[in-house]
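All ligand and atom numbering here is 1-based and tracks the order in the structure. These numbers come from a predicted model, not from an experiment.
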Amino acid sequence: MLLDTYGRTATDLRVSLTDRCNLRCTYCMPEEGLSWLAKPDLLTDDEIVRLVGIAVTRLGVTEVRFTGGEPLLRPGLVGIVARCAALRPRPTLSLTTNGIGLERTATALRAAGLDRVNVSLDTTDPAVFERITRRKRHGDVLRGLAAAKAAGLTPVKVNAVLMPGLNDTEAPDLLAWAVERGYELRFIEQMPLDAQHGWQRADMITAGDILASLRTRFTLTPEHDAERGSAPAERWLVDGGPHRVGVIASVTRPFCRTCDRTRLTADGQVRTCLFAREESDLRGALRSGADDAEMARRWQAAMWGKKAGSGLDDPAFVQPRRPMSAIGG
Ligand code: SAM
Ligand code: SF4
């Protein structure tokens, strides 16, 4: 088991497959991109499958989410999914993606054993999309979403970040759009994880703002806490249900007490939290011949050091060295 000193058990593994991306979302990375990890530093497909195998067979991980960067840019993605789906006990497998290219790969991913996708989309307006992501790819994302639904990667969830002056008035339109298509929309509060360090608490659109905006058009009924479990999203029934909307309020309503996550970066570092300032190197041990028992012991030692919370509420909070795209969101 992956236990920490606060009594939490990590059963949900987020694996970053690459730090590269074909978009440049303003809340994530600068226009010119970042200096990407060199190929030899990246875990190979075999190394990823081995580490996921250790997590699943020895450490009690039951859910694995592939992310990045943009995970669809990883050439071996379908094979990685297939090999992880063959693990026993079989983990639940999901993907967080910007949706570009999903139109071509959704069916193969489903056949390989992927269970669900979250597609990030912040606006229904192609011009606003271009301002937020700095790329003209709105149509690709919409086609990717439709392909995911057709392939049975359901429930298809849509992640949206609201940015002041860009899409902050769009919450009700986005929800109406998602409800109509049967996608489950989740708003994510903007977090201080952008590479440019441009996040300002005073500017961010809070969960309170989002809910007030949605309530101008919809009746929202809270789901019971028992149904939430360790999920980061608080959820509401929309106009009595069955459609739901979620809000992930990492900044204003943190959920660290029930956190069940452990993270693996594309270069093989274990992170206990998005906001952690420390990492534990598994790649070095892996490449110097450590056996599975030793790797598991190192992973457990890393998680034992997990902090109680993100530290966002502390005035002395310092943003982690790696941005979201290199940690794996
Ligand atoms: N490229 C994929 C995507 O966009 O879905 C996967 C990686 S991305 C880092 C994962 C999620 O993090 C996306 O839903 C994105 O909107 C969100 N994200 C990125 N930067 C963020 C920030 N500063 N605050 C909140 N969410 C952020
Ligand atoms: Fe790329 Fe995802 Fe970051 Fe946007 S949020 S730049 S799609 S990694």
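Salt-bridge annotation for E278 and K306: absent, with no side-chain N of the basic residue lying under 4.0 Å from a carboxylate O of the acidic one. With respect to R253 and E189, no salt bridge is recorded, no charged nitrogen being found less than 4.0 Å from a carboxylate O. With salt bridges taken as basic N to acidic carboxylate O contacts below 4.0 Å, none links E32 and R24. One finds no salt bridge joining K39 and D41 here, because no Lys/Arg side-chain nitrogen approaches an Asp/Glu carboxylate oxygen to under 4.0 Å. Taking a cutoff of 4.0 Å between a charged side-chain nitrogen and a carboxylate oxygen, R83 and D45 do not qualify as a salt bridge. With salt bridges taken as basic N to acidic carboxylate O contacts below 4.0 Å, none links E47 and R50. Using a cutoff of 4.0 Å between basic side-chain nitrogens and carboxylate oxygens, D115 and R90 are scored as salt-bridged. Between R298 and D281 there is no salt bridge, since no side-chain N of the basic residue sits under 4.0 Å from a carboxylate O of the acidic one.
Ligand 1 has no nitrogen or oxygen under 3.5 angstrom from a nitrogen or oxygen of Q190. By the 3.5 Å distance cut-off applied to N or O atoms, Y27 is counted among the residues near ligand 1. The shortest N or O to N or O distance between D194 and ligand 1 is not under 3.5 Å.
Of the heavy atoms in C25, both backbone and side-chain atoms come closer than 4.0 Å to ligand 2. If you look at T67 next to ligand 1, the close heavy atoms, those under 4.0 Å, all belong to the side chain. Of the heavy atoms in T97, only backbone atoms (N, CA, C, O) come closer than 4.0 Å to ligand 1.
Interface atoms of ligand 1 facing E189, defined by a heavy-atom separation under 4.0 Å, are 24 (N), 25 (C). Atoms of ligand 1 lying under 4.0 Å from at least one heavy atom of M191, given by number and element, are 22 (C), 23 (N), 24 (N), 25 (C), 26 (N). Those atoms of ligand 2 with a heavy atom of N98 less than 4.0 angstrom away are 7 (S). Remark: ligand 1 atoms within the under-4.0 Å shell around heavy atoms of I188 are 14 (O), 25 (C), 26 (N). Close contacts of ligand 1 with V161, meaning ligand atoms under 4.0 Å from a residue heavy atom, involve 16 (O), 26 (N). Those atoms of ligand 1 with a heavy atom of N98 less than 4.0 angstrom away are 2 (C), 3 (C), 5 (O). The contact set between ligand 1 and E70, taken as ligand atoms under 4.0 Å from a residue heavy atom, comprises 1 (N), 2 (C). Contact atoms of ligand 1 toward N159: 14 (O) (distance under 4.0 Å to a heavy atom of the residue).
Contact analysis puts G69 in contact with ligand 1, with a non-hydrogen atom separation below 4.0 angstrom.
Inclusion of C28 in the first shell of atom 3 (Fe) of ligand 2 is supported: an N, O or S atom falls under 2.8 Å.
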Carefully, step by step, assess F218 and W236 under the rule ring pair (Phe, Tyr, Trp, His ring centres under 6.0 Å). CA-CA 11 Å; F218 302 95; W236 286 262; over 10 Å; no
Would you please test E234 and R186 for salt bridge (Lys or Arg N to Asp or Glu O under 4.0 Å) and show each step? CA-CA 9 Å; E234 280 180 81; R186 299 131 47 93; over 6 Å; no
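Annotation: atom 1 (Fe) of ligand 2 to nearest protein heavy atom, C21 SG, 2.2 Å. Summary of contacts: the protein heavy atom closest to atom 18 (N) of ligand 1 is M324 CE, 3.5 Å. Of all protein heavy atoms, the one closest to atom 8 (S) of ligand 1 is G68 O, 4.4 Å.
Taking a 6.0 Å sphere around CZ of R104, one finds it holds 12 or fewer heavy atoms contributed by other residues, nucleotides or ligands.
Checking P71, S120, S16 against atom 3 (C) of ligand 1, the nearest heavy atom belongs to S120.
Taking the six-membered ring for Trp and the full ring otherwise, W177 and Y183 have centroids separated by under 6.0 Å.
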